[in-house]
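Here is the naming used below: chain letters follow the sequence lines, and residue numbers restart at 1 for every chain.
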There are 2 protein chains.
Amino acid sequence: MARNTERRAALVDAAVAVLAREGARGLTFRAVDAEAAVPVGTASNYFSDRDDLLNQVDTHLHRRLAPDPAVLAGLLAAPRDRALVLEFMRDLLGRATRDRTGYLALFEMRLEATRRPTLRASYTASVRGDLEQAMEFHRDAGLPGGDRTVAVLYLAVLGLLLEHLTLPGVLADALPGVAVPDGLLETIVTTIVPDDDDGGDGDREGAGNRA
Amino acid sequence: MARNTERRAALVDAAVAVLAREGARGLTFRAVDAEAAVPVGTASNYFSDRDDLLNQVDTHLHRRLAPDPAVLAGLLAAPRDRALVLEFMRDLLGRATRDRTGYLALFEMRLEATRRPTLRASYTASVRGDLEQAMEFHRDAGLPGGDRTVAVLYLAVLGLLLEHLTLPGVLADALPGVAVPDGLLETIVTTIVPDDDDGGDGDREGAGNRA
C-alpha cells in the first residue's frame, strides 16, 4: 500500500464525491481515479479492495464532519439547559448543510451496508460509537433529559437531515411560521427535550421523557 | 405503451426489487427485464424512459405500503389518545418491517432524486402529500397534539426506519430495557406526543408540544 498521506486523502475525498454524485454502485477504483484526476490504477495502490475504500471513507468522513473542538468548548460555557441542546443541534445541522456532499455519502454508505456484510459491521460500530458518545456527552454535560431523550432526538434529527438533504420541498412551509431547517430544528428540540434539568437519568417522569 | 396491467405490475415490482438490491444506479430496463424474467426489451414497451419508470415505482409503492383501510377503521374505534397514536405508528412500523424491500427502494428513490430533477419534483409532491395527509388525519381524528407534533413524530419515525432498516445493530440494546424497534417506537411516541387531548391546535402549551 502506498504511503503518500496527501494523495490518500485526495483519493478518499474523491470517493466521497463519487458516492454522493453517482451512488454507491458508481464507486469504482476507476471512478475515484478519474474524480481525483490521477492516473488509472492509482486508487488500487492505496486501497486493498472496495471494502477497504469504504472503511476509509467512513473514517475520513468521521473527521471531516466532526464538530470543531473550539466551538464545543465555547458552547459548554453556557448554562446546561434546553437552549444549549438546541445550540449543539444547530452546530450539527450547520455542519451537515455546509457539507451536503459528505452527508449524502453517509446515506449512500448506509444503503450499501445493506448489501455488504463487511461494511455493515464496520459502519454499524462507527455509528453506534457516535450514538453512545452523544449519550455520554449529554450525561457528562448535565444537559436536560436522559439517554432516551438523546436517542429520540438523534432519530428526529436523522430524519430531518435525510428529508432536508434529499427532498427539501417536503418540509418547506409545511408548518406556518416555522422556517426550514432552523425553525423546525427548534421545534424538534422543544418537543423532545424537557425544559428543566432535574436529573436527566433517563427514568424521570418529566415532560418529554415519560417512557 | 403496452396495456397489459398484470405484466406492468410485475415489471414495477421487479424494479422495486432491483432498486433495493442493486441501488438506483443498477436500475436499468435490462435489469428490470431480467428480474421479471421477461424477454429483453419488454420494459421499454411499458415505460417511456427511466423517469417514467421511477414515477410508476413511486405510485405503486404508495399503494403497496399503504395502511389497510379495515385496520385503520378498527383502530379508530378506540379513544383518541396517545395510546392510539402509538397503535397507528405500530401499524406503520409493521408494514415497513414486513416490506423492507419496498422501504429500502424508497430510500434509494430519495437519493436518486438528488440527481434527477424530474424525479425530485414528482417524488417531493408525493411525500409532501403524505405528510399533509398525516397532519389532516391527526387533526380530523382529534388525536393529541397539533401539526408540529405530527411533523416531529414523522421525522423521528423516518429516522427510526432508516436506522433500523439499514444498520439495525446501531439501536439494538442502545437503551437498557427498550426493545428495538417496538419499545423504541413507544419511547418515541411517549416523548413526542402529549398524553392529554385538550385541543391539538398546534399552539398549545402542553408537554411535548411547546414550540
Side-chain angles (χ1 to χ4, degrees), chain A residues 20-26 104 107-108 110-115 120-121 123-125 127-128 131-132 135 147-149 151-163 165-171 174-176 178 183-184 186-192 195 202 206-211, chain B residues 20-26 104 107-108 110-115 120-121 123-125 127-128 131-132 135 147-149 151-152 154-163 165-171 174-176 178 183-184 186-192 194-195 202 206-211:
Chain A
R21 196 182 62 233
E22 308 280 339
R25 204 184 151 103
L104 289 177
F107 290 132
E108 289 288 347
R110 283 183 172 274
L111 291 169
E112 187 68 355
T114 66
R115 302 184 273 263
R120 184 159 62 245
Y123 194 40
T124 294
V127 178
R128 170 66 174 247
L131 177 59
E132 287 176 353
M135 289 174 173
D147 286 357
R148 293 177 185 204
T149 308
V152 175
L153 185 59
Y154 164 79
L155 292 173
V157 172
L158 180 62
L160 174 64
L161 290 176
L162 178 66
E163 194 71 87
L165 296 181
T166 60
L167 301 173
V170 169
L171 296 171
L175 293 170
V178 177
L184 187 51
E186 187 172 346
T187 300
I188 288 171
V189 170
T190 50
T191 300
I192 292 172
D195 64 353
N209 195 18
R210 285 187 195 76
Chain B
R21 195 182 63 232
E22 308 280 340
R25 203 183 152 103
L104 289 177
F107 290 132
E108 288 288 348
R110 285 183 171 274
L111 291 169
E112 187 68 355
T114 66
R115 301 183 273 263
R120 184 159 62 244
Y123 194 39
T124 293
V127 179
R128 170 65 174 246
L131 177 59
E132 287 176 353
M135 288 175 174
D147 286 356
R148 293 178 185 203
T149 308
V152 175
Y154 164 79
L155 292 173
V157 172
L158 179 62
L160 174 64
L161 290 176
L162 177 65
E163 193 71 87
L165 296 181
T166 59
L167 300 173
V170 169
L171 297 171
L175 294 170
V178 177
L184 187 50
E186 187 172 346
T187 300
I188 288 171
V189 170
T190 51
T191 300
I192 293 172
D195 63 353
N209 194 20
R210 285 188 195 76

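Nearest heavy-atom pair across B:Leu155 and A:Glu163 is CD2-CB, 4.2 Å. Of all heavy-atom pairs between A:Gly169 and B:Thr124, the closest is C-CG2, 3.6 Å. Here the shortest heavy-atom pairing between B:Val170 and A:Leu131 reads O-CD2, 4.1 Å.
The pair B:Glu112-A:Arg21 fails the salt-bridge criterion, with no side-chain N (NZ, NE, NH1 or NH2) lying under 4.0 Å from an Asp/Glu carboxylate O.
Here A:Glu108 contributes atom CD and B:Glu108 contributes atom CD; the two are 6.0 Å apart, rounded to the nearest 0.5 Å.
Using a 4.5 Å heavy-atom cutoff, the side chains of A:Thr166 and B:Leu111 are in contact. A heavy-atom distance below 4.5 Å is found between the side chains of A:Met135 and B:Leu175. No side-chain heavy atom of B:Thr149 sits under 4.5 Å from any side-chain heavy atom of A:Thr191.
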- Let me see the working for B:Leu167 and A:Thr114 under side chain to side chain contact (heavy atoms under 4.5 Å, CB included), right down to the final yes or no. CA-CA 8 Å; B:Leu167 300 173; A:Thr114 66; over 6 Å; no
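Contact annotation for B:Val157: neither backbone nor side-chain heavy atoms come within less than 4.5 Å of a heavy atom of chain A. Contacts of B:Leu160 with chain A are made by both backbone and side-chain atoms, with heavy-atom separations under 4.5 Å. Of the atoms belonging to B:Ala174, heavy atoms from both backbone and side chain fall under 4.5 Å from chain A. Proximity to chain A (any heavy atom under 4.5 Å) is shown, for B:Leu161, by neither the backbone nor the side chain. In this structure, chain A has a heavy atom under 4.5 Å from the side chain of B:Arg115, while its backbone stays farther away. Of the atoms belonging to B:Glu22, heavy atoms from both backbone and side chain fall under 4.5 Å from chain A. Only the backbone of B:Ala20 comes within less than 4.5 Å of a heavy atom of chain A; no side-chain atom from C-beta onward does. Of the atoms belonging to B:Leu162, heavy atoms from both backbone and side chain fall under 4.5 Å from chain A.
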